[in-house]
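What follows is one structure encoded as structure tokens, with my remarks underneath.
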Amino acid sequence: MTLAPTSALKPALTAIINARVVPVLGATIPNGTVLIEDGRIGAIGADLAVPAGAHVIDAAGKWVLPGFIEAHGHVGIHEEANGWAGNDTNEMTGPNMAAVRAIDAVNIDDEGFRDALSGGVTTVVVKPGSGNPIGGQSVAIKSWGGRTIDEQVISESVSIKSALGENPKRVYGDKKQTPSTRLGVSLIIRQAFVEAQNYVRARDAAEVKGEPFTRDLGKEALGRVLSGELAWDQHVHRHDDIATAIRLAEEFGYRLVINHGTEGHKIADVLAEKNIPVIFGPMLTARTKVELRDRAIGNLAVLAAAGVRVAITTDHPVVPVNFLVHQASFAVKEGLPVQTALEALTVNPAAILGLDSRVGSLTVGLDADVVIWSGDPLDLASRAELVLIDGVEVYRYADGFGRVVERATRLSA
């Protein structure tokens, strides 16, 4: 249920006091204070003086953490309870859709964003789906707070989504067109990057000569991958497909991020040696296709133990986005260290996707995306009781209900 509280809190200065503060980067402060100034973390410590006039939140007995990051979701482009009308995840009219942008299809009023707040998720990296070898451009946004999506954007320069394995070969195999095999999927990607290399060279030469040049949005986007501006988010499950992902990345020199990585544990040493991160999950699913045959929550612990930087994803709506923290809890049960689990929800996805100058930890200068929990967030009985985005209250749990600060209240306060 969504209810609007009586007012939205928008103080210039907020002090959260008497809390167990878990900054993730840095030691836990058993009885700490977090100062928020103009939407950013102003200070954090055990013996901070509360400035006069500050709005004070007494969090005695509570845990305070940075907001969690969903590093691979489809919130807003695969909308809740809207069927085909709300599903804009895959533009499957051609295998190379590098030019399309997730930002152009996200409905920020999707119920999934309200669910995100209830699970302490304050940042969502929204990605196109995995129906195409090259699916399109991702966007990182805050889970709530803007009049339009443009006011919630953290970065449009995040990544391009790509897919290897069963999904694209099934989609285009059913159409009796290329790619219908793993060979064809790789071919599409390699051809696209060769064309992008040629495009970049021709564009740069035209610029030097002062000559006009016709833009191509798809090749332009892939050029940003080649330059390192955008990551290459590779949907991949099987270990042999992960090896292909590495081979292609080394051929063209782009920054590879493994998404899902179901069998990554089989070549964890290779991933660690090559410093390739893995956004792992979803975990709370059945083995619904062949490439998920070796799916196991414990595989994440194997990756982390090998030295791979890991993040966790629900792949919403495959697993509801508010279950992101529960997946971390189950991963701890299967051997993932607690600190690594918290990092996989916060600092790791921020670093992997280039968002760590804004979000991911309770660090002075970062955005004040702060969540007050009733207890240890990895305890299934704990709840997110208060969620702040940019220092502004967007969600509160009280009297048995989660209350989202809705548009009318936010914009009139």
Side-chain angles (χ1 to χ4, degrees), residues 9-70 116-123 142-143 311-312 324-326 328-329 332 336-351 355-398:
L9 295 175
K10 296 185 178 180
L13 183 61
T14 297
I16 303 172
I17 64 172
N18 300 324
R20 183 176 181 84
V21 179
V22 184
V24 182
L25 283 181
T28 295
I29 305 168
N31 187 28
T33 296
V34 177
L35 295 182
I36 298 170
E37 301 179 50
D38 297 322
R40 294 185 179 275
I41 304 296
I44 176 173
D47 300 304
L48 297 180
V50 176
H55 170 68
V56 176
I57 300 173
D58 189 349
K62 313 296 184 183
W63 291 48
V64 175
L65 284 90
F68 296 151
I69 300 170
E70 170 51 81
L117 297 177
S118 73
V121 177
T122 56
T123 294
K142 298 296 179 76
S143 302
I312 295 174
L324 182 66
V325 67
H326 299 326
S329 300
V332 169
L336 189 69
V338 168
Q339 179 63 22
T340 305
L342 293 176
E343 291 171 356
L345 300 172
T346 54
V347 295
N348 283 0
L355 308 175
D356 49 346
S357 66
R358 294 281 306 277
V359 297
S361 66
L362 297 182
T363 298
V364 173
L366 297 194
D367 295 359
D369 297 348
V370 182
V371 181
I372 300 177
W373 292 83
S374 60
D376 181 351
L378 295 179
D379 183 338
L380 292 176
S382 294
R383 289 185 179 275
E385 293 189 342
L386 184 69
V387 179
L388 308 178
I389 291 180
D390 297 326
V392 177
E393 179 181 334
V394 293
Y395 175 88
R396 180 184 292 267
Y397 183 87

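Nothing fancy with the numbering, it's 1 onward along the sequence.
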Original post:
Where do I29 and V64 land on the side-chain contact (heavy atoms from CB on, under 4.5 Å) test, with the steps shown first?
Top reply: CA-CA 10 Å; I29 305 168; V64 175; over 6 Å; no
Original post:
Run the side-chain contact (heavy atoms from CB on, under 4.5 Å) check on T346 and L65 step by step: do they pass?
Top reply: CA-CA 9 Å; T346 54; L65 284 90; 6.0 Å; no
What's the separation between atom [atom1] in [X] and atom [atom2] in [Y], rounded to the nearest 0.5 Å?
| X | Y | atom1 | atom2 | value |
| --- | --- | --- | --- | --- |
| L388 | I372 | CG | CD1 | 6.0 Å |
| E393 | I57 | CD | CD1 | 7.5 Å |
| L117 | I389 | CG | CD1 | 5.5 Å |
| Y395 | S118 | OH | OG | 5.0 Å |
| L386 | R396 | CG | CZ | 5.0 Å |
| D369 | I36 | CG | CD1 | 9.0 Å |

[X] and [Y]: which non-hydrogen atoms are nearest, and at how many Å?
| X | Y | value |
| --- | --- | --- |
| S382 | D376 | OG-O, 2.7 Å |
| F68 | P377 | CZ-CB, 4.2 Å |
| A384 | G120 | CB-N, 4.1 Å |
| S329 | L378 | OG-O, 2.7 Å |
| T122 | G67 | OG1-CA, 3.2 Å |
| P349 | E343 | CD-O, 3.4 Å |

**OP:** For side-chain contact (heavy atoms from CB on, under 4.5 Å), just list the numbers for E385 and V371, CA-CA rounded to whole Å, side-chain angles, deciding distance to a tenth of an Å, and then say yes or no.
**Re:** CA-CA 8 Å; E385 293 189 342; V371 181; over 6 Å; no
Subject >> Heavy-atom side-chain contact between V325 and W373 under 4.5 Å >> reply: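 Side chain of V325 against side chain of W373, heavy atoms only: contact under 4.5 Å found.
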Original post:
Any side-chain heavy atom of V347 within less than 4.5 Å of one from D356?
Top reply: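 Answer no - side chains too far apart.
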For residues 358-368, dump all side-chain donor-acceptor pairs below 3.5 Å to protein atoms at least two apart in sequence or in another chain.
from, atom 1, to, atom 2, distance (Å)
R358, NE, D367, OD1, 3.2
R358, NE, D367, OD2, 2.8
R358, NH2, D367, OD2, 2.9
S361, OG, T363, OG1, 2.6
D367, OD1, R40, NH1, 3.0
D367, OD2, K142, NZ, 2.9

**OP:** Applying side-chain contact (heavy atoms from CB on, under 4.5 Å), run through I44 and T33 and close with a yes or a no.
**Re:** CA-CA 6 Å; I44 176 173; T33 296; over 6 Å; no
